[in-house]
Amino acid sequence: MNVLVTGGAGFIGSAVIRHLINDSTHNVLNLDCLTYAGNLASLVEVDRSERYNFSQIDICNKEAVKKVFSEFKPDIIMHLAAESHVDRSIDGPAAFIQTNIVGTYTLLEAAREYWKALEPAKQQLFRFHHISTDEVYGDLHGTDDLFTEETPYAPSSPYSASKASSDHLVRAWNRTFGLPVVVTNCSNNYGPYHFPEKLIPLVILNAIHGKPLPVYGEGNQIRDWLFVEDHARALVKVATEGKVGETYNIGGHNEKRNIEVVQAICGLLEELAPVKPEGVEHYANLITFVKDRPGHDLRYAIDASKIERELGWVPEESFETGLRKTVQWYLNNKGWWQAVLDGSYQLERLGQGE
Ligand code: NAD
């Protein structure tokens, strides 16, 4: 099958593409405009595959998207392209409205035209898989409740509100126009190739450079963490075996307070990187509490029983094994994150790098 992945140069999209190329026989086209979050260095291990291609296109550009559809002829679209960082959505919401809402609308319209013109057998096979977040549900204040596929939407940030809007558009294109869609809502991901503005890579890299480890408020916010490769396996399963019109929640049953996550990283670094930066006696001494983010959600936790029951997906990594792999990956892959930190990954994409 031909699988079009939007946002394939990002954190989760690149994991999906590595999984599709390494563990399936599908052809993959990565459609990504390469914002600051897009990094082709995350795809070096599949770059030479004959089944992989890349097209630098903005999902808001309908004519370019239509041309890609008519040339590549996708059987499945896995839509991950998005602006994804909550703090950036507070500082500048416009890009989130543009890519997450207008971009998804543009892609849906191009997909609808393309799908309508397919022969009936191909129409039956076609899937538009929209990848979304559990943040659309708002937050939980009790300790036992979980987000299910029926939880009403109550997004808090410009990011989650823009993702909620895109989820509604995708479902409307199914209900009104019959476009065969599937939707997934997933909890917080972590793992290799994560852009160092996000909590886990930021803490790892700040710690090994002897810089403060910023923790919002008192670090009591609870997130349900999932290793990115487990998410990638779940997504490919839903895209190929999910039921049209259905939503699947994806999560790792790993609820942790932010402060616990930061302390766990410090503990792993004590073991895996015992030679510390000058003046640092214990990595945990670098923890610094900072003013909380406005509108910060307290707790997210996912009930993933539907995808486990109906599609037989379960996560393979526990938080302990996944976090250890992640910390070790950052220690072993200085070249990848150094180019991100010094900005040279953006020059390379323009052909100006060395
Ligand atoms: P990311 O920010 O790492 O990557 C986003 C990718 O989309 C980048 O490669 C970027 O260049 C590309 N992109 C952005 N705007 C584009 C546009 N207009 N046209 C084409 N490409 C564009 O994001 P991620 O963390 O990999 O998240 C991927 C998807 O998964 C998002 O839709 C996000 O909402 C969702 N999600 C993320 C998490 C998480 O923990 N990271 C959890 C659940 C769901």
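Remember, it's 1-based here, ligands and their atoms both numbered in the order they're listed.
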Using a 3.5 Å cut-off on N/O to N/O, what pairs does ligand 1 make with the protein? A line per pair would be great.
| residue | atom | partner | partner atom | Å |
| --- | --- | --- | --- | --- |
| ligand 1 | 2 (O) | Ser84 | OG | 2.7 |
| ligand 1 | 3 (O) | Phe11 | N | 3.0 |
| ligand 1 | 9 (O) | Gly10 | N | 3.0 |
| ligand 1 | 9 (O) | Asp32 | OD1 | 3.4 |
| ligand 1 | 9 (O) | Asp32 | OD2 | 2.6 |
| ligand 1 | 11 (O) | Asp32 | OD1 | 2.6 |
| ligand 1 | 11 (O) | Thr35 | N | 2.9 |
| ligand 1 | 11 (O) | Thr35 | OG1 | 3.2 |
| ligand 1 | 18 (N) | Asp58 | OD1 | 2.9 |
| ligand 1 | 18 (N) | Thr99 | OG1 | 3.0 |
| ligand 1 | 19 (N) | Ile59 | N | 3.0 |
| ligand 1 | 21 (N) | Cys33 | N | 3.2 |
| ligand 1 | 23 (O) | Ser84 | OG | 3.3 |
| ligand 1 | 26 (O) | Phe11 | N | 3.2 |
| ligand 1 | 26 (O) | Ile12 | N | 2.7 |
| ligand 1 | 32 (O) | Leu80 | O | 3.1 |
| ligand 1 | 32 (O) | Lys163 | NZ | 2.6 |
| ligand 1 | 34 (O) | Tyr159 | OH | 2.7 |
| ligand 1 | 34 (O) | Lys163 | NZ | 3.2 |
| ligand 1 | 40 (O) | Asn189 | N | 2.9 |

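Pairs passing the ring-ring contact (aromatic ring centres under 6.0 Å, His included) check and including a residue from residues 178-215, sequence neighbours excluded, read Phe11-His194, Tyr36-Phe195, Tyr190-Phe227, Tyr190-Phe319, Tyr193-Trp329, Tyr193-Trp336, His209-Trp337.
Side-chain polar atoms of Tyr300 and Asp139 form no donor-acceptor pair below 3.5 angstrom.
With Tyr345 contributing its side chain and Leu40 its backbone, the two residues share no donor-acceptor pair below 3.5 Å. A donor-acceptor contact shorter than 3.5 Å is absent between the side chain of Glu308 and the backbone of Val314.
Salt bridge status for Asp230 with Arg233: present, with a side-chain N to carboxylate O gap under 4.0 Å.
To the nearest 0.5 angstrom, Ile200 atom CD1 is 5.5 Å from Leu323 atom CG.
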